[in-house]
Amino acid sequence: MKKILILSVIIGVFANLSPLTVYSQQEVWVGIKEGMPMIPVALPAFHFTPKSMIDEGIIRELYETLWHDLQFSRVFKLVPREHYGYIEKLDPSRIIFKDWASIQANILISGELEVSPAGRIIFSFKVYEVNSEKFIFGRNFGGKKEFTRLIAHRAADEMMKYFGERALFVSKLIFVSNRDGNEEIYIMDYDGKRMRRITYNDYIDSFPSWSINNEDILYTSYKNNNPDLYSFSIYTGKSRVLSSRGTNYSADWSPEGDRVVYTSTKSGNAEIHLLNMKTGKEKRLTFNRIIDTSPYWSPNAREIVFTSQRSGTPQIYIMDAEGTNIRRITFEGTYHDSPSWSPEGTRIAYVSRVEYRFDIYVYNLRSNSIIKLTENAGRNENPSWSPDGRHLVFSSTRGGDYQLYLMDYDGSNVRQITFKGENKMPEWQKKVR
Amino acid sequence: MKRLFVIIFIGFALLTFFDSCKKKGPETEPVQETVERVDEDVPKVDRPVLTEEELFQKRSLEEANKAGYLKKIYFDFDKYDIKDNMKPVLHRNADWLLKHGHVEILMEGHCDERGTFEYNMALGEKRAESALNYLVSLGIKPDRVKIISYGKTKPVMKGIDEESHYQNRRVEFVIIKK
């Protein structure tokens, strides 16, 4: 009887300890709240000082961009514009909250626009809680006319942050495009706007990946007649070779910014290597005669998810950042690759091939469940999470050529964001600076 | 004894010389009976027939690669081992390389679109490596051969049918030095 008691105490201690240790590994941020009702927001037309000469196009662009961002968020639900016509027009100095409550708005955004003598636009917005008739917060943003969209994205991100969510609307995507004739690296806003080319190598450039500070990228270029791995500072234009023997690709910068994992065949076989960016020291993490590839950091930088052919077919595995404690997470199907760890750490998106089709799946580490996000729509590849973990960017051939698409974490709201040339290998910035 | 013979020979030669001088006289010349052939006065030099090696050396790298001395090999879906029906192709390529001992080549491994970008980079290299190992087994020095993988970034055919996929799962042999 005593033994049983001691045993049960020991079990009890372990049962209590294990979830505790798991918890300590996770970030404070809770992540997406699936099933949480979206917050109804009213966004009436902006007021602008009559004296200032504001281009109608700028007002519309600012308004539509902010509207679109909030609509996209899956956190806010916009009260339809038609309903604003049933009530009195918004007067920022004398808000009739009962009117806004009558059209089911919980939050009201009152925006004002003016142009400074220097030609800069200034956007001020105030956010009210309708039921309590209280001012919650407000911000003023100023900038040149060219940055109208950025001002709207900043405003939308302030809304996200105030409501306890992660900013994402100023985040950018990096990808490969042949729109100018050759496969080069480009960046653009999350919504496909304000695109900019950043490599001019005239050789194949591919597998781009953001650094955690969003100032550097990692990519593979054939510019030296071999697929070498480079780091490239997109603001200074400085480039550095990181690995130049064998085939070097699918690099991922650690969330702490000090280390890089990548695939290289420099040892004679595709293996995963860990490079310390400060000391330049390198460590090989996998050792066998089969293909190991596609490493991607967990958001706490303690683990690495990767693809390995060690069971005969490419499957997804997780290992500790030291290369130890390797465990397999995909068991069904014969071909999985391109894993991407969600920013809150609980989900891994990957690509699975079934009957020669590629579709995107999400594996939930907590519930040990898998959901399929794409179906019957060409080849869908290279999923990458948004900084808030509610959206994914991926490439698809559903329209014929490779193009980039966005979708929500549950596979809904699929939207094409590139249209010219072929566009592939997208990666979303991991964090907004 | 030898000297005696030489003296006799010289004396005989002198006699015949004087004899021929005597015959010169006012005789009518006989009409030429044969027709003399008048031929082209430009020196006739034929374009030399080049050996295969000389012909090869004359070409630029680009032309040499277009001429297709080295043939591509193809692979099964998801596989990188050399198929039996591709071995004769590699034997012919090896023979040609042994004959042209200065040639260095790049073997490019390619894949069809039914693999991911990442996995195909590794698979393409495995294919090139298989071809490299086979050539080395046939006596080609490994330092004459470089390998590179393009994954699925350079398909030769855009179709989605099996024939297109087959054409894309290949190793190409590119001459990089003569």
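Within every chain, numbering begins at 1; the chains are lettered A, B, ... in the order of the sequence lines, protein sequences first and strands thereafter. Below, all heavy atoms of this structure are taken into account, side chains as well, without hydrogens, waters or symmetry copies.
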Do NZ/NE/NH1/NH2 and the carboxylate oxygens of B/Lys154 and A/Glu183 come within less than 4.0 Å? no

Rounded to the nearest 0.5 Å, what separation is found between the [atom1] atom of [X] and the [atom2] atom of [Y]?
| X | Y | atom1 | atom2 | result |
| --- | --- | --- | --- | --- |
| B/Thr153 | A/Lys424 | OG1 | NZ | 6.0 Å |
| A/Tyr350 | B/Thr116 | OH | OG1 | 14.0 Å |
| A/Glu381 | B/Phe117 | CD | CZ | 5.0 Å |
| B/Ser149 | A/Asn226 | OG | CG | 10.0 Å |

Take atom [atom1] of [X] as the centre, draw a 6.0 Å sphere, and report whether it contains more than 12 heavy atoms from other residues, nucleotides or ligands.
| X | atom1 | value |
| --- | --- | --- |
| A/Phe419 | CZ | yes |
| B/Lys146 | NZ | no |
| B/Ile160 | CD1 | no |
| B/Lys99 | NZ | no |
| B/Lys83 | NZ | yes |
| B/Glu62 | CD | no |
| B/Lys177 | NZ | no |
| A/Glu332 | CD | no |

What residue in [options] has the most heavy-atom pairs under 4.5 Å with chain B?
| options | answer |
| --- | --- |
| A/Asp337, A/Asp292, A/Val351, A/Asn178 | A/Asp337 |
| A/Asn269, A/Thr220, A/Thr313, A/Asn225 | A/Asn269 |
| A/Gly246, A/Ala270, A/Pro227, A/Pro314 | A/Pro314 |
| A/Thr293, A/Thr247, A/Ile204 | A/Thr247 |
| A/Asn382, A/Thr307, A/Thr397 | A/Asn382 |

Could you go through the side-chain contact (heavy atoms from CB on, under 4.5 Å) check for B/Tyr119 and A/Gln309 one step at a time? CA-CA 9 Å; B/Tyr119 194 78; A/Gln309 190 210 353; 3.3 Å; yes

Can you tell which part of A/Glu355 gets under 4.5 Å to a heavy atom of chain B, answering side chain, backbone, both or neither? neither

Decide whether A/Ser250 and B/Glu118 meet the rule of one side-chain donor and one side-chain acceptor closer than 3.5 Å. no

Candidate list A/Ile290, A/Thr265, A/Ile291, test side-chain contact (heavy atoms from CB on, under 4.5 Å), partner B/Lys126, passing option: A/Ile291

Check whether A/Arg353 reaches the backbone of B/Arg114 with its side chain - one donor and one acceptor, N or O, closer than 3.5 Å. yes

Contacting moiety of B/Lys158, where chain A heavy atoms sit under 4.5 Å: side chain

For B/Glu129, is it the side chain, the backbone, both or neither that has a heavy atom under 4.5 Å from a heavy atom of chain A? side chain

Look at the aromatic rings of B/Tyr150 and A/Tyr222 and report parallel, tilted or perpendicular, splitting at 30° and 60°. parallel

Minimal heavy-atom distance between A/Phe358 and B/Glu113, with the atoms involved, is CE1-O, 3.7 Å

